[in-house]
K.L.:
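First the structure, which I've put down as structure tokens, then a few questions once you've had a look.
Because the structure is a prediction, the values reported are computed rather than measured.
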Amino acid sequence: MASPGEKALVQPSVIERRRARFRSNRTSRFTESVIREMTRLALAANAVNLAQGFPDFAAPEELKHAAQEAIAADFNQYAITWGAKPFRDAVCAKYRKWYGLDYDPEREITVCCGATEGMIAALLAVTNPGDEVIVFEPFYENYAPDALLCDAKRKLVALRPPDWTFDPDELRRAFTPCTKAIILNSPNNPTGRVFTRSELSCIAELCEEFDALAITDEIYEHILYDGATHIPISALPGMWDRTILVNSMSKTYSVTGWRVGWVLAPPDLTDSIRKVHDFLTVGAAAPLQQAGVLALNLPDSYYAKLAADYAARRDLLLGILERAGFRCWCPSGAYYVMADISGFHFDDDFAFVRHLIERVGVAAVPGSSFFSDPRDGSHLIRFCFCKKYETLIEAERRLLNL
């Protein structure tokens, strides 16, 4: 018998069988993040990382100074669980200004640790085991594990190229009396689709008819191109009381590591969300909430410049990829490009991405990670362009050797 602290000399297969009882059914049904895995592989291979969607350029100087000042001013203890009042006030003021949405900062907002926590907190707060949650496919990879962690049943509705829109009849068939919610991500990751008012109205009518919620991920709301307009579905008639809006500072202000987000919802839903949030994380970082007040009060010119800068990067990357032999879809929002790799004659997307990382020195995300059936995305990969121009130019140098 092994002494305390000493590992027993037992065959690994035997240990695995013994310890399988400690693995929950929830976690056994999904893998680690493919996107984050690609970043690790890129680091190991010294590859240009066009996989994970974080900027490699500096956050706004004034925002960094505000965070430093908040720490120096000793905003270093717990804020109120559902968010520091100045930050809650600033979030609600921004929605009044941009969308005419009048949220109550006392009863209709929960500040959380990024949109990632906001989404799972919302789902845990409103779903019961067996409830159905509709998800558009291709989808951001977190939505599948989120549904599994809630023991909810996921129902998929396809977004089809070249416009990455949905068939209204297929969407209607997905709704049933068991539908609790639909997850809506617009501007969309990974496709770049920005849903139109007509599409949102179709979704809203079905939510009302089947008494379902819309849980919206609006993290790319200000990253828009070619005249596209972001419309929160909560602004549509009949949707205020049945929308949970999830957002974050991460993408708009280039601070993906801050992990400060928010969830806006009617008071009864917010009450449930706050309870889940409280016991998940207690609260988001207090000094970064304080700095966030400055971010949310930046002038309109900041957002115009943000969109223009990303439009230039988008156009640069599209040209690079097309010259390298990819067939691409031009996004209307967010900062990703979906590319077809059929012409390169690899077995699948993972084989192609491994080749890109190890032989070419550029990292992307396998398209199958955005689909329930990997075969549906095996001819696709996703690139991101939230990078310095020098990074994109270096990627071009390497890709032209593909």
K.L.:
Enter the distance from Trp82:CH2 to Glu108:CD here, rounded to the nearest 0.5 Å.
P.N.:
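So the gap between those two atoms works out to 14.0 Å.
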K.L.:
Ring centroids only, cut at 6.0 angstrom: are Tyr103 and Trp240 within range, meaning strictly under it?
P.N.:
yes
K.L.:
Do the rings of Phe195 and Phe136 sit parallel, tilted or perpendicular, given the 30° and 60° boundaries?
P.N.:
tilted
K.L.:
Do the side-chain N and O atoms of Glu141 and Ser33 include a donor-acceptor pair separated by under 3.5 angstrom?
P.N.:
yes
K.L.:
Would you say the side chain of Phe385 lies within less than 4.5 Å of the side chain of Leu50, judging by non-hydrogen atoms?
P.N.:
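No - every pair of side-chain heavy atoms lies 4.5 Å or more apart.
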K.L.:
Holding to side chain to side chain donor-acceptor pair (under 3.5 Å), I want the full list of residues that pass it with Ser369, two or more places apart in sequence or in another chain.
P.N.:
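Scan of Ser369 (side chain to side chain donor-acceptor pair (under 3.5 Å), adjacent residues dropped) gives none.
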K.L.:
Distance check, rounded to the nearest 0.5 Å: Phe175 atom CZ versus Lys155 atom NZ?
P.N.:
10.0 Å
K.L.:
Answer whether the closest heavy-atom distance between the side chains of Glu218 and Pro232 falls below 4.5 Å.
P.N.:
yes
K.L.:
How far does OG1 of Thr179 sit from CG of Leu213, to the nearest 0.5 angstrom?
P.N.:
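Reported to 0.5 Å precision, the distance equals 11.0 Å.
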K.L.:
Within a 6.0 Å radius of atom NZ on Lys64, are there more than 12 heavy atoms belonging to other residues, nucleotides or ligands?
P.N.:
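For Lys64, atom NZ is crowded (more than 12 foreign heavy atoms under 6.0 Å).
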K.L.:
Indicate the ring-plane relationship of Trp98 and His222, choosing parallel, tilted or perpendicular according to the 30° and 60° boundaries.
P.N.:
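If you compare the ring of Trp98 with that of His222, the planes turn out perpendicular.
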K.L.:
Is the backbone of Ala284 close enough, under 3.5 Å, to the side chain of Gln289 for a donor and an acceptor to pair up by distance?
P.N.:
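Checking the backbone N and O of Ala284 against the side chain of Gln289, a donor-acceptor pair under 3.5 Å is found.
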K.L.:
Side chains of Glu62 and His65: any donor to acceptor distance under 3.5 Å?
P.N.:
no
K.L.:
Say you draw a straight line from CD1 of Ile320 to CD of Glu394; how long is it, rounded to the nearest 0.5 Å?
P.N.:
10.5 Å
K.L.:
Verify the neighbour count for atom NZ of Lys153: are there more than 12 heavy atoms of other residues, nucleotides or ligands below 6.0 Å?
P.N.:
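No, the 6.0 Å shell around NZ holds no more than 12 heavy atoms from other groups.
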K.L.:
Fit a plane to each ring of Tyr335 and Tyr310, take the angle between them on a 0 to 90° scale, and name the class: parallel (under 30°), tilted (30 to 60°) or perpendicular (over 60°).
P.N.:
tilted
K.L.:
Distance-only, no hydrogens or angles: does the Arg274 side chain make a donor-acceptor pair with backbone N or O of Thr110 under 3.5 Å?
P.N.:
no
K.L.:
Counting only N and O atoms by type, is there a donor-acceptor contact under 3.5 Å from the side chain of Asp167 to the main-chain atoms of Asp169?
P.N.:
yes
K.L.:
Around atom CD of Glu209, are there more than 12 heavy atoms of other residues, nucleotides or ligands at under 6.0 Å?
P.N.:
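Yes - once you tally the heavy atoms of other residues, nucleotides and ligands closer than 6.0 Å, there are more than 12.
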K.L.:
Atom OG1 of Thr191 and atom CG of Leu380: how far apart are they, to the nearest 0.5 Å?
P.N.:
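The distance works out to 11.0 Å.
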K.L.:
How about Arg36: does its CZ atom have over 12 heavy atoms from other parts shown lying under 6.0 Å from it?
P.N.:
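Buried by this count: over 12 neighbours within 6.0 Å.
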K.L.:
I'd like to know whether Asp300 forms a salt bridge (charged side-chain N to carboxylate O under 4.0 Å, His left out) with Lys97, so could you lay out the CA-CA distance, the side-chain angles of the two residues, the decisive distance to 0.1 Å, and finally the verdict.
P.N.:
CA-CA 10 Å; Asp300 293 358; Lys97 173 183 175 180; 2.7 Å; yes
K.L.:
From the options Tyr220, Tyr95, Trp262, select the one residue that forms a side chain to side chain donor-acceptor pair (under 3.5 Å) with Asn247.
P.N.:
Tyr95
K.L.:
Tyr143 vs Tyr140 aromatic rings, parallel, tilted or perpendicular, using cut-offs 30° and 60°?
P.N.:
perpendicular
K.L.:
Checking Asp348 side chain against Ser378 main chain: does a donor-acceptor pair fall under 3.5 Å?
P.N.:
no
K.L.:
Between the main-chain N or O of Lys387 and the side-chain N or O of Arg313, is there a donor-acceptor pair closer than 3.5 Å?
P.N.:
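Yes, Arg313 side chain to Lys387 backbone: donor-acceptor pair under 3.5 Å.
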K.L.:
Go through Thr252 and Leu306 one step at a time and tell me if the side chain to side chain contact (heavy atoms under 4.5 Å, CB included) criterion holds.
P.N.:
CA-CA 8 Å; Thr252 298; Leu306 178 80; 4.2 Å; yes
K.L.:
Answer yes or no: is there a donor N or O on one side and an acceptor on the other, between the side chain of Arg327 and the main chain of Asp340, under 3.5 Å?
P.N.:
no
K.L.:
Should we count CG of Asp347 as having more than 12 external heavy atoms under 6.0 Å?
P.N.:
no
K.L.:
Measuring from atom CD1 of Ile381 to atom CZ of Phe326, what distance do you get when rounded to the nearest 0.5 angstrom?
P.N.:
4.5 Å
K.L.:
Answer whether the closest heavy-atom distance between the side chains of Trp164 and Pro331 falls below 4.5 Å.
P.N.:
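Result no, sub-4.5 Å side-chain heavy-atom pair not found.
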K.L.:
Would you say Asn188's side chain and Asn185's backbone share a donor-acceptor pair under 3.5 angstrom?
P.N.:
yes
K.L.:
Can you tell me if Arg40 has over 12 outside heavy atoms packed within less than 6.0 Å of its CZ?
P.N.:
yes
K.L.:
Please tell me whether Ser248 and Ser250 have a donor and an acceptor in their side chains that are separated by less than 3.5 angstrom.
P.N.:
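Judged by distance alone, the side chains do pair up.
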